[in-house]
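Numbered from 1 within each chain, the chains take letters A, B, ... in sequence-line order.
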2 protein chains.
Amino acid sequence: MFKRILIAEDQETQNISLQTTLADLSIKKPEYVYYCDDALTWIKNSIRAEQPYDLLVTDLSFVEDHNKQRIAGGVELIQAAKKVQPSLKILVFSVENKSAVIDMLFKELHIDGYVRKARHDAQYLKLALTAIYNDKKYLSPDLKLARKENNSHDFTELDIAIISQLVDGTPQKNIPYYLQENNIKPSGLSSIEKRLNLMKEVLGFSKNEQLIAYCKDMGII
Amino acid sequence: MFKRILIAEDQETQNISLQTTLADLSIKKPEYVYYCDDALTWIKNSIRAEQPYDLLVTDLSFVEDHNKQRIAGGVELIQAAKKVQPSLKILVFSVENKSAVIDMLFKELHIDGYVRKARHDAQYLKLALTAIYNDKKYLSPDLKLARKENNSHDFTELDIAIISQLVDGTPQKNIPYYLQENNIKPSGLSSIEKRLNLMKEVLGFSKNEQLIAYCKDMGII
DNA sequence: AACCAATCTACGGTTTCCCGTAAGGATCCA
DNA sequence: TGGATCCTTACGGGAAACCGTAGATTGGTT
């Protein structure tokens, strides 16, 4: 089983229970930090000491406080960690259940496992640890359901730019200027209209307000 | 200190750490359940056995699973619990930090304390327990900040009806019909426009899309 | 180089929304 | 009762968004 594990989790109570859960798997003394910046520092130090970690267990959302951080959240932490130690295995442990986010984690950041903070998370954590130790990917079962039911449109960079501008209060007719300045390709007003129509049609909406609400719910913006 | 505590929390790991935290306060054996329905049953049984609980510690959001529940979430559980045992003290322990929600909990449901799941939640839990035991209210400090920065408009029933209709895709010009059918008083189209303008002006917005996004963020809808 | 296909853009008519003004109703007080 | 104030509603001009069509541009192929 893993010998050196680092836990990045800001909730004190979660941190406590992660340790007891790992103790059940006879993992000796996992190390833990409450801030993302500390996590990266410890990873770097472990490399320097030639005792690199085997596994990083991290949350996604970290609450801000007086202690200003360079690395704000789990996603950025994973990117930074992979850069300094590509071999590091990563298990994400979070309440997040938006399929868009989780797909991105596996496909782009190449994480090794995802356990949702939910009913039987302690059990699933143990399963995840053994799976990952055997070079397998793991996804907690409560999420598999949530991902299937999703027949949604997949949002392009353009889509997200348009929606973000709307949420920022830019009038639709001014969005072309913004897109040109940021070198986002189709920038004509008609293209924006067409794109909005497509999104609304696929999702069965008739008004922008519905689309905004949907994107908020799905964590797209 | 409290003698009989009931914990309602669906996350296995949180449940574990709550128990260890309470153990630090030399609270003997807190009882715990993973479902809201079970919580209410246990409360009723404890009354029947003439050994009522002193305190209920509960989360707000419970994940749905195959085990269908009559009581869906923490808010409903608190209402039901207060009905069968008005004297029961209640401490909410949740990640939620929307001021609208928390204000409602204190003002309408008369909870005794609120601790946000965040950096030092274990410490704050202990502070909350002693405060509540001494008949004081408790609010974890990370929340006091979040509530102050809020110079927001307070949304009336009308406001929420209008916004909900927009999110449902009703064209603005058709909303008067909906309001009349539901006996919501000012129902003229001009009143709706005026109300939307007021909300947007107070919050510094120019477009409906911004307002929708804001309401989603604040948990108003 | 020329052609085709696909996409992007520009344009005009229609609908909806926005916003200011004014008329209609209700409430309160002298 | 009369009048003053506030709130609601109705109306109309102008702006923005919606929608279909036609022209322009791009990228790839022969």
Atom-pair distance ([atom1] on [X]; [atom2] on [N]), nearest Å:
{"X": "Leu196(A)", "N": "dC18(D)", "atom1": "CG", "atom2": "P", "result": "7 Å"}
{"X": "Ile175(B)", "N": "dC18(C)", "atom1": "CD1", "atom2": "C1'", "result": "14 Å"}
{"X": "Gln210(A)", "N": "dC18(D)", "atom1": "CD", "atom2": "P", "result": "12 Å"}
{"X": "Gln172(A)", "N": "dC18(D)", "atom1": "CD", "atom2": "P", "result": "5 Å"}
{"X": "Leu198(B)", "N": "dT8(D)", "atom1": "CG", "atom2": "P", "result": "11 Å"}
{"X": "Lys194(B)", "N": "dC7(D)", "atom1": "NZ", "atom2": "P", "result": "6 Å"}
{"X": "Ile192(A)", "N": "dT9(C)", "atom1": "CD1", "atom2": "P", "result": "9 Å"}
{"X": "Leu158(A)", "N": "dT7(C)", "atom1": "CG", "atom2": "P", "result": "14 Å"}

Tested for side-chain hydrogen bond (donor to acceptor under 3.5 Å, both in side chains) against Lys89(A), the lone hit among Asp54(A), Asp112(A), Asp135(A) is Asp135(A)
Report the residue from Lys117(B), Gln11(B), Gln14(B) that forms a side-chain hydrogen bond (donor to acceptor under 3.5 Å, both in side chains) with Asp59(B).
-> Lys117(B)
If only side-chain N and O atoms of [X] are considered, is one of them under 4.0 Å from the OP1 or OP2 phosphate oxygen of [N]?
{"X": "Lys207(B)", "N": "dC17(C)", "answer": "no"}
{"X": "Ser187(B)", "N": "dT8(D)", "answer": "no"}
{"X": "Asn197(A)", "N": "dC19(D)", "answer": "yes"}
{"X": "Ser191(A)", "N": "dT9(C)", "answer": "yes"}
{"X": "Lys200(A)", "N": "dC18(D)", "answer": "yes"}

Which of the following nucleotides, [options], is nearest to the side chain of [X]?
{"X": "Pro186(B)", "options": "dT9(C), dC17(C), dT9(D)", "value": "dT9(D)"}
{"X": "Asn208(B)", "options": "dC19(C), dC18(C), dC11(D)", "value": "dC18(C)"}
{"X": "Lys173(A)", "options": "dT9(C), dG20(C), dA17(D)", "value": "dA17(D)"}
{"X": "Glu193(A)", "options": "dC18(D), dT8(D), dC17(C)", "value": "dC18(D)"}

Cation-pi check, Arg70(A) to Tyr35(A): give yes when NZ or CZ is under 6.0 Å from the six-membered ring centre and within 45° of the ring axis, no otherwise.
->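 The answer is no; the distance or angle limit is not met.
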Taking the nucleotide of DNA chain D with the closest heavy atom to each, which residue, Gly188(B) or Asn174(A), is nearer the 5' end?
->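 Result of the comparison: Gly188(B).
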Should the pair Phe205(A) and Tyr214(A) be assigned to parallel (<30°), tilted (30 to 60°) or perpendicular (>60°) ring geometry?
-> perpendicular
Look at the aromatic rings of Phe2(A) and Tyr133(A) and report parallel, tilted or perpendicular, splitting at 30° and 60°.
-> perpendicular
